[in-house]
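Below is one structure, written out as C-alpha cells; comments come after it.
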Amino acid sequence: MKLSAVFSSSCYSSAIAKNALQPPSLVTLPASAFLPPLSRKLSCRHGVSYNRLSFRGNSSFSSTAISSSKSDSQSQGSESFFRDTLRSMETVYLNRNPTAKSILELVSSIDDEQICYDHLAFRTFGVNGYGINSLASLFLDYGYTQKEELRFPAKKLKALWFSPPNSSSQDGGSGVNGPLPRVFISELLVDQLSPRAQEIIRKYTKKSGSGNKYAAFASALGSLTWEKPLYSEFQQLAGESEYAAWTLVNGYALNHVTISTHRLKSNLRNIKSLNEFIKKNGFKLNSDGGVLKEFNASTSSISVSPDGLLLQSSTVADSMPFSFSDGVVESVPCSYIEFAERLVLPQYKNLSESEIKESHRRDGFEVGNADKIFESTSKEQLTRRA
C-alpha cells in the first residue's frame with residue numbers, strides 16, 4: 001500500500017501560514033505546498049499562556065516521497081511526518097476556533113495538565129469519492145485499523161471509526177504530540193437528499209476534479225478543494241441538512257477534537273467536574289438532550305451510553321465570517337470541542353488505579369451519544385441564549 005505524494009514547504013509556506021487565520025473560502029489549495037505548524041505563542045481572553053501546551057511541532061519539511069505498508073513497522077521518520085500532518089490540521093482548527101483554544105489553555109493551566117485527545121472527527125460528502133475513504137486512507141497507511149460502522153438514519157449519515165496503532169504512544173506529550181487518538185469520520189448519504197440538494201453537492205465536488213485525493217492536504221491547509229459556494233446554495237442546503245451546509249463551507253477541516261477526561265490528573269478527570277469548570281468560565285455547552293441529563297437546563301447535559309461506560313459532552317461551535325462567491329459575507333458555524341470519559345470495563349474493576357490502561361476502558365462509540373454531539377453545529381444550539 002502506498003501513499004504517493006510529494007510534499008514541499010519551500011514555496012507558499014509564509015502565505016499558507018497567513019491564510020490559516022482566514023475563512024476557508026479565502027484559502028486556495030496549491031498541490032505542491034504543505035502547511036508547517038505555527039510556532040508562535042498563542043494567547044486567549046482568559047490570560048492563560050498557550051505555550052504551556054506542547055502543541056507545536058517541527059516546522060521543517062523536505063521534499064520526500066512517502067511509502068508505507070501496514071505489514072511493516074513504522075519508522076520514526078514516517079510517524080514524525082504523520083504527526084506533523086496532524087499538527088497542521090490542529091493549527092488550522094485552533095486558529096479558527098477561539099473557544100477550543102481557550103478551553104485547552106484553561107484545562108492545561110490546572111496543575112500543568114497534560115491533555116490527551118480521545119479522538120479527532122471529520123465530516124465528508126458521500127459522493128464521487130469524497131466520502132469516508134478520502135480521509136481514511138491517510139490513517140490506514142499509518143497503521144490505523146478500521147472498526148465499527150455507525151448509522152444515523154434521521155440525519156442521513158453513516159460513520160466509521162479507526163483505532164490507532166498500539167505501537168505509537170508518546171506518554172509525555174499533549175494533543176497530537178501525545179498518544180495517537182482514535183479517528184471518527186462521517187459522511188453524508190447524498191443520494192438520500194432531495195434532487196436539488198444533490199445537484200448542489202455534486203456541482204461542487206465535480207468542479208473539485210481530483211480534490212478528493214488531497215483530503216489530508218485540504219484539512220492541513222484549511223482549504224476547500226472546491227470553489228466558494230453561492231450563498232443561496234448554502235441556504236438551500238442548510239434548510240435540509242445542517243451537516244451538508246457545514247461541510248460545503250468547511251470542507252475537510254477538523255470538525256472537533258475531544259479531550260480524554262479520564263487521562264487528566266486533577267479533579268477535572270471527572271466529566272461532571274470538567275463541565276462545571278467550563279460553564280463557570282463562561283463557555284456555552286451543547287444542551288441537546290442525551291440519553292441521560294446529568295445537569296439541569298441552566299448548566300449542561302452529558303450523553304451516556306446504554307452501558308453507562310461512555311460519557312460525552314461538547315461545547316457549541318464557534319462561528320466565523322465566510323465570503324461567498326456572490327459577494328455575500330455571512331457568519332457560518334465552524335468547529336467545537338468535545339469531552340469524553342471512558343470508564344473501566346466490569347472485568348477490570350478490581351485493578352488498582354496504577355494498573356489501569358486505556359485498553360481496560362470502554363472503547364468505541366455510540367449512535368445515541370454521537371447523534372447529540374452532531375448538534376453542536378446546529379442553528380438551534382448556536383442561537384440559544386444560554
Side-chain angles (χ1 to χ4, degrees), residues 15-30 35 38 88-102 121-125 127 130 135 186-188 190 193 196-197 199-208 211-212 214-215 217-257 284 286 314-337 374-384:
I16 295 170
K18 179 180 179 181
N19 282 342
L21 300 173
Q22 299 179 8
S25 62
L26 302 182
V27 185
T28 57
L29 177 62
L35 173 65
L38 301 181
S88 294
M89 294 176 178
E90 183 188 53
T91 295
V92 173
Y93 168 81
L94 293 174
N95 285 340
R96 291 180 178 175
N97 299 283
T99 292
K101 185 170 67 176
S102 296
F122 303 86
R123 294 182 178 185
T124 69
F125 285 136
V127 64
Y130 281 80
L135 272 171
S186 57
E187 74 174 35
L188 180 66
V190 176
L193 300 180
R196 177 55 180 153
E199 179 185 353
I200 293 170
I201 293 170
R202 293 179 188 278
K203 166 187 172 181
Y204 287 100
T205 55
K206 182 177 180 180
K207 286 184 176 181
S208 176
N212 59 308
Y214 304 100
F217 270 138
S219 185
L221 293 168
S223 170
L224 296 176
T225 63
W226 46 79
E227 296 179 359
K228 294 186 297 181
L230 294 168
Y231 181 57
S232 60
E233 292 174 326
F234 170 79
Q235 287 182 305
Q236 176 81 30
L237 289 186
E240 182 171 342
S241 168
E242 177 275 323
Y243 183 108
W246 189 96
T247 307
L248 187 67
V249 295
N250 287 280
Y252 290 110
L254 264 173
N255 178 255
H256 65 271
V257 304
K284 187 166 62 173
N286 178 355
S314 62
T315 64
V316 173
D318 282 325
S319 298
M320 69 184 299
F322 186 95
S323 300
F324 291 88
S325 62
D326 51 4
V328 176
V329 178
E330 285 289 340
S331 180
V332 299
C334 292
S335 304
Y336 56 96
I337 189 166
F374 275 124
E375 294 298 317
S376 295
T377 57
S378 70
K379 182 177 180 180
E380 179 181 352
Q381 290 297 315
L382 267 66
T383 57
R384 67 182 175 85

Test your reading of the model: is there a side-chain donor-acceptor pair from Ser325 to the backbone of Pro229, 3.5 Å cut-off? yes
Would you compute the distance between atom NZ of Lys284 and atom OG1 of Thr99 and round it to the nearest 0.5 angstrom? 9.5 Å
Heavy atoms of Gln381 and Val316 approach each other most closely as O-CG1, 3.6 Å
For Tyr130, enumerate each residue passing the ring pair (Phe, Tyr, Trp, His ring centres under 6.0 Å) test, keeping only those at least two apart in sequence or located in another chain. none
Between atom OG of Ser331 and atom CG of Asp318, what is the distance when rounded to the nearest 0.5 Å? 9.5 Å
Would you say that Val329 contacts Phe324 through its side chain, given a criterion of any heavy-atom pair below 4.5 Å between the two side chains? no
To the nearest 0.5 Å, what is the distance between CG on Asp326 and OG on Ser232? 6.0 Å
Keeping Tyr243 on the side-chain end and Thr124 on the backbone end, is there a donor-acceptor pair under 3.5 Å? yes
Just checking, any donor-acceptor pair under 3.5 angstrom between side chains of Ser223 and Tyr214? no
Do Ser335 and Trp246 have side chains that approach each other closer than 4.5 Å (heavy atoms only, starting at C-beta)? yes
Let me confirm one number: the CG-OG distance from Asn250 to Ser219, rounded to the nearest 0.5 Å. 10.5 Å
For Asn255, the side-chain hydrogen bond (donor to acceptor under 3.5 Å, both in side chains) test, sequence neighbours excluded, returns Tyr336
Closest approach of Val127 and Arg202, non-hydrogen atoms and distance? CG2-NH1, 3.0 Å
Output every pair passing salt bridge (Lys or Arg N to Asp or Glu O under 4.0 Å) with a member in residues 232-253, not counting sequence neighbours, ordered by first then second residue. Arg123-Glu242, Arg196-Glu233, Lys203-Glu233
Would you check if the side chain of Thr377 reaches a backbone N or O of Ala317 as a donor-acceptor pair within less than 3.5 Å? no
Could you give the distance from OH (Tyr93) to CD1 (Ile337), rounded to the nearest 0.5 Å? 4.5 Å
What one should report as the nearest heavy-atom pair of Lys228 and Tyr204 is O-CE2, 3.8 Å
Donor-acceptor pair, Trp226 side chain versus Leu248 backbone, under 3.5 Å? yes
Mind checking what makes side-chain hydrogen bond (donor to acceptor under 3.5 Å, both in side chains) contact with Ser376, not counting sequence neighbours? Asn286, Ser314
Would you indicate whether the side-chain heavy atoms of Met320 and Val332 approach each other to under 4.5 Å? yes
Who pairs with Thr205 by side-chain hydrogen bond (donor to acceptor under 3.5 Å, both in side chains), at least two apart in sequence or on another chain? Asn128
Residues at least two apart in sequence or cross-chain that pass side-chain hydrogen bond (donor to acceptor under 3.5 Å, both in side chains) with Glu227, listed by chain then number, are none
Distance check, rounded to the nearest 0.5 Å: Asn95 atom CG versus Glu90 atom CD? 10.0 Å
So Tyr252 and Asn212, do their side chains get closer than 4.5 Å, heavy atoms only? yes
Side-chain touch Thr247/Leu188, heavy atoms, less than 4.5 angstrom: no
Strictly distance-based, threshold 3.5 Å: is any side-chain N or O of Ser241 a donor or acceptor partner for the main-chain N or O of Leu237? no
